[in-house]
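Whatever order the structure lists them in is the order used to number ligands and atoms, beginning at 1.
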Amino acid sequence: MATVIETIQAPQVQHTECFIGGKWLPAASGKTFATINPATEETIAEVAEGDQADIDLAVDAARKAFDQGPWGRMDARDRGRLMYRLADLIEEEIDELAALESFDNGKPVSVARAADLPLVIDCLRYYAGFADKIHGSTIPVRGNYFTYTRKEPVGVAGQIIPWNFPMLMTAWKWGPALAAGCTIVMKPAEQTPLTCLRMAQLAQDAGIPDGVINVVPGYGPTAGGALVKHPGVDKIAFTGEDRTAKIIMRNAADSLKRLTFELGGKSPNVILADADLDAAAAGAHFGLFFNQGQCCCAGSRVFVDERVHDEFVDKLKDLATNRKLGNPLCQDTEQGPQIDQAQFDKILSYIDKGNAEGARCVVGGKRFGDKGYFIEQTIFDGVTDDMAIAQDEIFGPVMSVLKYKDWDELIDRANQTFYGLAAAVWTSNVGKAHDFARRVRAGTIWVNCYDVFDAAAPFGGFKMSGQGRELGEEGLRAYSETKTVTINLS
Ligand code: ADP
């Protein structure tokens with residue numbers, strides 16, 4: 001382990017300050033915080049610790065760019081052109097950005113290069129194409145009036161993102177906001193500020209005017225809290241924990257901000273006896289262990305028809321045993337470390353709970369190595385619905401396997417969660433697949449696949465998994481206001 005870690009080459013860190021009004025500025029307080037490499041537990045860089053004063057400056061810059069700057073007056077097609085340019089610049093730097101993402105987040109560089117970055121680029125291009133296709137309609141009203149609607153940008157968007165997909169979450173937020181004509185103040189997660197800061201510089205290089213995108217790194221309750229409460233911010237888009245969303249909702253109440261949330265999940269992944277079991281096992285493995293299990297839509301409850309249960313668990317065990325865990329900067333690594341000490345401790349405590357509650361750990365179950373936040377790929381069998389590992393979002397490489405017998409009972413059990421982000425079913429019975437898609441209360445249903453994302457396909461949660469949708473045409477709604485214009489023709 002130790003020798004592998006020594007091979008890591010540090011990618012270049014170019015930006016560690018706040019990006020406000022097109023300038024790189026230290027935090028007004030002069031404070032900084034360390035961003036850590038989760039594979040080595042070593043500090044990568046000290047980053048400006050923004051708080052209220054920096055948020056004030058950033059909101060002023062975003063307000064000015066929106067109210068007076070060129071952005072609001074620019075032809076939509078030209079806005080789109082600048083977004084395409086940003087996507088091109090990211091593509092030109094794809095290898096460096098993948099390395100930086102891997103270094104700051106711990107995800108395997110090969111995964112960042114093959115999954116995160118292409119999705120980032122695609123998302124920006126998808127929304128660039130939308131910039132000049134956002135329009136209202138004419139409405140036939142009673143009387144001699146001409147009524148039409150305009151779709152106008154909502155204004156200054158405050159955007160707060162987590163650490164699990166730092167660049168992708170940035171693209172999901174920036175894409176629709178820029179296409180709609182909004183300006184942005186973003187607070188990246190304190191664990192992973194580096195790639196978002198690099199993207200801000202690339203946005204400036206692409207020609208996106210100063211003040212349109214501002215990035216203030218810092219902590220949630222301080223920098224994030226100031227952004228949520230600021231009267232100059234029109235809308236907050238947040239991705240993170242439901243616990244944090246409740247705080248944000250309370251803090252945004254005084255200014256009645258528009259809010260969209262993309263929160264957690266405890267997604268069911270259901271294996272029918274008639275499924276292609278090899279494909280289903282690969283899908284269940286990927287659906288949970290992808291990104292170290294740090295996905296809001298992770299398929300963490302794997303329900304298996306009791307008739308194929310033993311055979312299926314053997315397949316899961318083989319796949320998990322052969323998963324390559326280690327240095328994320330090695331090209332063949334499939335699983336890196338967890339993000340930080342807090343997550344590492346939380347995941348290990350859930351593994352303890354699983355054992356204590358009587359689930360059977362069939363693979364993994366402990367720390368890997370003695371340096372870095374690595375946890376073995378872990379599978380619990382014999383899990384029942386009431387166990388903590390079947391109820392709580394663990395956000396780590398811990399799979400719970402549950403048996404089922406009856407279809408209707410299975411649907412009830414799949415729905416027995418406060419969450420409703422995603423669900424999947426593996427079957428060769430098209431009727432069962434549609435029945436599942438209709439009856440399971442979740443924002444995304446995958447049939448014979450998992451974690452298939454596309455910039456055009458809306459994503460978001462039922463119940464406590466969120467409010468509103470990101471991606472697709474629906475993703476633009478959060479950044480647009482409808483204005484109705486009525487003209488007296490008599
Ligand atoms: P996670 O457990 O994934 O870190 P959080 O919801 O705690 O999820 O964090 C997601 C984002 O929300 C981070 O950028 C974090 O700094 C920010 N955040 C945390 N607390 C607050 C808060 N009180 N107000 C605004 N943003 C916050």
Side-chain angles (χ1 to χ4, degrees), residues 18 27 31 33-36 38 47-52 54-56 58-59 104-107 157-170 172-174 184-197 199-200 214-230 233 235-255 257 259-266 291-298 300 337-347 349-350 373 392-396 419 421 461 464-467 470:
C18 306
K31 286 203 260 178
F33 66 98
T35 186
I36 307 283
V47 175
E49 186 191 324
D51 58 26
Q52 174 87 50
D54 312 284
I55 291 288
D56 287 349
V59 174
D104 207 13
N105 167 280
K107 67 177 68 201
Q159 304 184 323
I160 301 174
I161 55 167
W163 43 261
N164 57 343
F165 294 93
M167 287 194 76
L168 188 57
M169 292 300 103
T170 302
W172 281 24
K173 299 279 182 282
W174 288 7
I184 293 167
V185 178
M186 170 162 274
K187 195 206 81 65
E190 53 272 31
Q191 295 89 342
T192 53
L194 298 179
T195 45
C196 178
L197 290 170
M199 275 172 78
N214 306 275
V215 180
V216 180
Y219 291 104
T222 48
L227 186 58
V228 169
K229 289 180 195 152
H230 201 297
V233 174
K235 181 231 155 33
I236 294 288
F238 168 76
T239 300
E241 286 188 48
D242 50 281
R243 188 163 52 96
T244 313
K246 291 178 197 171
I247 299 170
I248 290 177
M249 212 172 214
R250 287 188 200 105
N251 285 338
D254 280 342
S255 48
K257 288 189 176 60
L259 298 173
T260 41
F261 292 140
E262 201 263 274
L263 310 174
K266 192 73 190 173
N291 210 40
Q292 294 68 247
Q294 304 169 143
C295 295
C296 46
C297 54
S300 48
Q338 310 308 128
I339 189 70
D340 62 11
Q341 185 76 48
Q343 281 298 122
F344 177 81
D345 292 343
K346 177 181 156 189
I347 296 161
S349 83
Y350 272 105
Y373 308 118
D392 300 346
E393 185 177 40
I394 301 174
F395 228 63
Y419 294 116
L421 193 58
M464 283 177 66
S465 286
Q467 274 185 29
E470 296 193 283

Exercise for the section: Can you sort out the partners of Tyr350 under ring pair (Phe, Tyr, Trp, His ring centres under 6.0 Å), two or more places apart, ordered by chain and number? Expected result: none
Practice task
Mind checking salt bridge (charged side-chain N to carboxylate O under 4.0 Å, His left out) for Arg250 and listing every partner two or more places apart, or none if nothing turns up?
Solution key: none
Practice task
For Lys173, enumerate each residue passing the salt bridge (charged side-chain N to carboxylate O under 4.0 Å, His left out) test, keeping only those at least two apart in sequence or located in another chain.
Solution key: Glu470
Fill in the blank from the handout: Heavy-atom nearest pair, Ile339 first then Tyr373, reads O-CD1, 3.9 Å
Tabulated below should be the N or O atoms of ligand 1 paired with protein N or O atoms at under 3.5 Å; can you produce that?
| from | atom 1 | to | atom 2 | distance (Å) |
| --- | --- | --- | --- | --- |
| ligand 1 | 2 (O) | Glu241 | OE2 | 2.4 |
| ligand 1 | 3 (O) | Trp163 | NE1 | 3.3 |
| ligand 1 | 4 (O) | Trp163 | NE1 | 3.0 |
| ligand 1 | 6 (O) | Glu241 | N | 3.0 |
| ligand 1 | 6 (O) | Thr244 | OG1 | 2.6 |
| ligand 1 | 14 (O) | Ile161 | O | 2.8 |
| ligand 1 | 14 (O) | Lys187 | NZ | 3.1 |
| ligand 1 | 16 (O) | Lys187 | NZ | 2.9 |
| ligand 1 | 16 (O) | Glu190 | OE1 | 2.6 |
| ligand 1 | 16 (O) | Gly220 | N | 3.2 |
| ligand 1 | 24 (N) | Gly220 | O | 3.4 |

Completion exercise
Exactly one of Gln292, Gln343, Gln294 clears side chain to side chain donor-acceptor pair (under 3.5 Å) with Gln338, and that residue is Gln294
Handout entry: Phe261 and Met249, any side-chain heavy atoms less than 4.5 Å apart
Key = yes
